[in-house]
Amino acid sequence: MCSLSLCLTYLCYSLMGGTGPAALRSPAALPGSAAPGAPRSPTAVPVTAAPRSPAAPPGSAPGPSAAPPRASNGSREGAEGAWLRTPLAPGEVITAQSGAFERDPQESSTTDEELSRAGSPGSRGGGSSTTPDYGEKRLPQALIIGVKKGGTRALLEAIRAHPDVRAVGTEPHFFDRNYEKGLEWYRNVMPKTLEGQITMEKTPSYFVTNEAPRRIHSMAKDTKLIVVVRNPVTRAISDYTQTLSKKPEIPTFEVLAFKNRTLGLIDASWSAIRIGIYALHLENWLQYFPLSQILFVSGERLITDPAGEMAKVQDFLGLKRIVTEKHFYFNKTKGFPCLKKPEDSSAPRCLGKSKGRTHPKIDPDVIHRLRKFYKPFNVMFYQMTGQDFQWEEEESDK
Ligand SMILES: *[C@@H]1O[C@H](CO)[C@@H](O)[C@H](O)[C@H]1NC(C)=O
Ligand SMILES: *[C@@H]1O[C@H](CO)[C@@H](O)[C@H](O)[C@H]1NC(C)=O
Ligand SMILES: *[C@@H]1O[C@H](CO)[C@@H](O)[C@H](O)[C@H]1NC(C)=O
């Protein structure tokens, strides 16, 4: 018997170190590489999954989660447009949002350009035309903290259909990239809310950011956290596909996934793979938050049973169950459930990309190897969360 932490340590070292010196060539390859802000509690073990380790192993290309290039110049133009569309008046439901959902229904990563808009003086005060004059801006009481490509955008759009939720449409990245801007900056990014309404935002990279749990805890230790998780293998491929669509010149998935393919040695320092080691990241959060304060949403069930998953989300947030099956319909062409929108003419918002968007063909052998790689971490994650996400069953079906 060992504690979860020790088990994780063991898993990491056996995975990473069991195959000889090649595995240890780069310290960055170890999920256990020490990172600033490592967990403080006595149970802390050196397995903190260091996000965005700057020391990439030799020959590795920037992974899909590499931070997008910094906006060259802080063009403030269009800032208001971007942010004014975001807040929703109560009762407006989902009719007046930006096109973000359509643009990238599964997930969208906020660019630094969008971020500079967020922090720009131009977005301050919100301009009175679309921001309601009543209510006040509050720091969020609930956050969707991850994971990238898990379905966080879909969840945000669906929960926004609830009249007691007001959410930021773009990703503020406060607890990872913009923390030095301060809480007042963060509050200012938020939509106005009335008494009783919940303010939310989603930034999927929080889940893999070492400092995020501590920072969120120091903002408000009762912050509710939501994590949308999805089969890490599918997630990794989806992550890679998104990067590929922006940077067609990157190496193949197979090349990036292995440190040494002959040895079958997975490159766990590649962000597309590292993000999916959920147990490791969760360990970091559990240093600061009790499990009861974290809701794990199945990215898979969000698609197959959106109303069921949304019921859990609303219960968790202490909201009346208002977003129900009536809010969704299944669009066969899209292959995904979509949100019904009362009296609105713009395109429907669906909980996934259309089927047309194909993933690149990945060598089945590589997928098999990845499944094996993730399995112990998945099992650990199920134990830690007390939930079986059935990613192994899904795999054996194929
Ligand atoms: C940056 O500035 C240059 C020259 O001032 C301008 O042409 C360009 O459009 C700007 N880019 C952005 C992203 O604002
Ligand atoms: C992979 O490992 C094999 C066997 O140890 C070794 O011969 C080969 O040089 C390694 N390849 C790389 C790229 O490190
Ligand atoms: C379903 O999705 C297709 C493809 O995006 C779209 O053209 C069509 O209008 C949608 N149907 C409904 C009923 O929303």
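Remember, it's 1-based here, ligands and their atoms both numbered in the order they're listed. In this text, all values refer to a predicted model and were calculated from it rather than measured experimentally.
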Engineer: Can you see whether Thr193 engages Arg138 through a side-chain donor-acceptor pair at a distance of less than 3.5 angstrom?
Structural biologist: yes
Engineer: Identify, by atom number and element, the atoms of ligand 3 in contact range of Asn331, meaning under 4.0 Å from any of its heavy atoms.
Structural biologist: 1 (C), 2 (O), 3 (C), 8 (C), 10 (C), 11 (N), 12 (C), 14 (O)
Engineer: State whether Asp239 and Arg235 are salt-bridged, where the test is any N-O pair (Lys NZ or Arg NE/NH1/NH2 against Asp/Glu carboxylate O) under 4.0 Å.
Structural biologist: yes
Engineer: Any salt bridge between Glu211 and Arg214, counting N to O under 4.0 Å?
Structural biologist: no
Engineer: So which of Phe336, Phe330, Tyr329 gets nearest to atom 13 (C) of ligand 3, if we judge by its closest heavy atom?
Structural biologist: Tyr329
Engineer: My understanding is that only one of Lys148, His173, Glu171 makes a side chain to side chain donor-acceptor pair (under 3.5 Å) with Ser205; could you say which?
Structural biologist: His173
Engineer: If you measure every N or O of Thr262 against every N or O of ligand 2, does any of those distances drop under 3.5 Å?
Structural biologist: no
